2 protein chains.
Amino acid sequence: MELYKIHPQHYVAVDCVILGYQDEEIKLLLYPRSFEPYKGNWSLLGGFVQDNESADEAAARILKQTTGLEQIFLEQVASFSEPNRDPEARVISLAYYALIRIDLHDEEKVKENGAYWIPIRKLPNLIFDHQEMLGKALVKLQQRAGYSLCGSELLPEMFTLIQLRKLYEAIFQHEFDPGNFRKKILSLGVLEKLSEKDVSESRKGAFYYKVKANIGDMDVNRIAKF
Amino acid sequence: MELYKIHPQHYVAVDCVILGYQDEEIKLLLYPRSFEPYKGNWSLLGGFVQDNESADEAAARILKQTTGLEQIFLEQVASFSEPNRDPEARVISLAYYALIRIDLHDEEKVKENGAYWIPIRKLPNLIFDHQEMLGKALVKLQQRAGYSLCGSELLPEMFTLIQLRKLYEAIFQHEFDPGNFRKKILSLGVLEKLSEKDVSESRKGAFYYKVKANIGDMDVNRIAKF
DNA sequence: TCAAAAGTGTTCTCCATACACCCATGG
DNA sequence: CCATGGGTGTATGGAGAACACTTTTGA
């Protein structure tokens with residue numbers, strides 16, 4: 001301990017890139033910062049790492065405080081540690097990204113925080129280096145979507161293959177051939193066809209699917225290559 | 001600032017997974033920890049983030065202190081923040097990995113630190129969560145090697161395609177077909193054939209290659225898929 | 001019966017793999 | 001002239017891209 005004492009200590013924060021999917025768009029949870037500096041400017045949801053918790057736990061805590069959700073996919077993005085990134089004080093921030101189902105989140109909690117779901121393609125300016133955090137989180141999302149089906153995290157329990165394709169098109173900003181996408185996904189063998197159909201989009205109706213139980217983090221096969 | 005003051009501050013360290021390649025093996029720079037706790041146990045090379053530097057800068061500083069090398073490939077691996085990961089005090093550690101050419105490093109400096117190059121397949125136990133840091137660094141190395149030629153970082157200026165293949169075999173722990181590997185690499189168009197040959201391994205001799213100048217971080221083509 | 005979306009099938013091309021074969025050289 | 005690696009060529013299979021085609025249904 002004596003040896004450690006000659007070194008400085010720092011505030012350590014976590015900032016969460018909370019992503020959801022709605023209306024064929026990827027959306028990000030943001031709120032207008034409630035205190036100086038940059039009060040009123042758009043910010044990711046964040047907080048400080050306390051003494052009794054890991055950064056992972058701090059991120060989960062913030063996610064629960066702001067969306068009411070627990071047991072959510074949550075992963076480190078990167079650390080941000082430029083000495084002057086926060087003009088008020090030295091704060092080292094650990095960025096996380098979370099994938100949540102917008103249909104499940106607690107709207108009350110979001111309102112309390114004055115937070116909003118904002119499509120990532122129509123983003124306002126963000127404070128500090130939050131834009132960069134988002135950028136790296138989106139890269140991670142693409143990587144993850146490339147070898148694992150993100151359907152279960154961002155879509156409702158049941159979804160059609162068309163909905164899944166639209167999600168992937170939103171993630172990769174790229175159109176996929178409907179037939180090929182369908183074959184590729186089904187060939188993975190991780191989806192279970194249900195008897196029910198979604199008839200809201202067409203007369204014929206599209207069958208719902210759900211992710212098979214006991215599919216861990218899946219196989220090594222890539223879903224999309226970019 | 002007032003608002004920040006209610007939050008705790010923490011020691012923030014960086015730990016470097018310094019990787020090199022020698023004798024057809026990936027090696028890791030380790031030293032026996034020189035102070036308590038766990039004095040004498042094997043440890044990554046690390047240090048504390050100071051007030052005037054980012055974590056990236058701290059990692060570069062440590063790399064220079066221990067190997068004499070600058071301008072080296074250095075990238076974040078992950079953060080480690082379990083409250084009790086260091087029994088002496090709460091230390092949040094940011095792990096980095098570096099790829100260096102063992103033939104260029106400063107042996108004097110390494111000796112000063114009592115450090116050694118240890119093949120990663122014959123590793124002793126490491127302190128704290130350093131084993132996990134190495135594990136994640138090796139995954140990152142494979143990912144990087146998958147879409148970029150790590151040759152320039154881990155091999156000497158000039159190298160034969162056989163040497164490059166052996167390097168990749170060490171990284172992926174997997175044998176590659178000599179002919180196919182050769183074709184794949186050459187098809188990328190990033191290597192320049194030299195007139196000189198390495199005659200130490202065979203009568204015929206193998207041509208040296210070097211990475212073409214002004215090749216940035218290369219193309220998107222994957223070199224190996226795993 | 002027709003429009004519109006859902007879903008299937010077919011072809012072509014590219015690329016990774018496996019492996020046979022040729023080349024250069026010193027002893 | 002032959003053993004030894006270095007280096008090239010070829011056949012095959014599987015996966016992705018493009019796109020034509022069939023199915024289902026309500027109006």
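Just so we're on the same page: letters track the sequence lines, and every chain starts at 1. Given the structure is predicted, the values throughout are model-derived calculations rather than measurements. The analysis underlying the following values was restricted to heavy atoms, covering all of them including side chains, and did not include hydrogens, waters or symmetry mates.
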Look at the side chain of B:Lys197 and the backbone N and O of B:Lys204, then say whether any donor-acceptor pair between them is shorter than 3.5 Å.
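Yes, because the side chain of B:Lys197 sits within donor-acceptor range (under 3.5 Å) of the backbone of B:Lys204.
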Heavy-atom contacts, protein to nucleotides 19-27 of chain D, under 4.0 Å, summarised as B (base), S (sugar-phosphate only) or - (none) per nt, yield B---BBBB-
Under 3.5 Å, which donor-acceptor pairs do the side chains of residues 108-124 of chain B form with other protein atoms, sequence neighbours left out?
residue  : atom : partner  : partner atom : Å
B:Asn113 : ND2  : B:Lys109 : O            : 2.9
B:Trp117 : NE1  : B:His105 : NE2          : 3.3
B:Lys122 : NZ   : B:Glu25  : OE2          : 3.2

What does A:Ile162 touch in the nucleic acid at a heavy-atom separation under 4.0 angstrom: a base, only the sugar-phosphate, or nothing?
sugar-phosphate
Applying side chain to side chain donor-acceptor pair (under 3.5 Å), can you list everything that pairs with A:Arg61, at least two apart in sequence or on another chain?
A:Glu53
Could you check how far [atom1] of [X] sits from [atom2] of [N], rounded to whole Å?
{"X": "B:Phe207", "N": "C:dA24", "atom1": "CZ", "atom2": "C1'", "result": "10 Å"}
{"X": "A:Arg182", "N": "D:dA18", "atom1": "CZ", "atom2": "C1'", "result": "17 Å"}
{"X": "B:Ile185", "N": "D:dG6", "atom1": "CD1", "atom2": "P", "result": "16 Å"}
{"X": "A:Leu161", "N": "C:dA5", "atom1": "CG", "atom2": "P", "result": "17 Å"}
{"X": "B:Phe181", "N": "C:dA16", "atom1": "CZ", "atom2": "P", "result": "12 Å"}
{"X": "A:Leu191", "N": "C:dG7", "atom1": "CG", "atom2": "C1'", "result": "15 Å"}
{"X": "A:Lys193", "N": "C:dA6", "atom1": "NZ", "atom2": "P", "result": "13 Å"}
{"X": "B:Asp198", "N": "C:dT25", "atom1": "CG", "atom2": "C1'", "result": "14 Å"}

Should B:Lys184 be listed as having a side-chain N or O under 4.0 Å from OP1 or OP2 of C:dC15?
no
Under 6.0 Å between ring centres, would you say that holds for B:Phe128 and B:Phe80?
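Between B:Phe128 and B:Phe80, the centre distance exceeds or equals 6.0 Å.
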Taking the side chain as everything from C-beta on, heavy atoms only, tell me whether B:Leu149 gets closer than 4.5 Å to B:Ile185.
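Yes, close enough: below the 4.5 Å cut-off.
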Whether the B:Asp56 and B:Ser54 side chains hold a donor-acceptor pair (N or O, under 3.5 Å, no angle test) is what I'd like checked.
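Distance-only check fails for B:Asp56 and B:Ser54.
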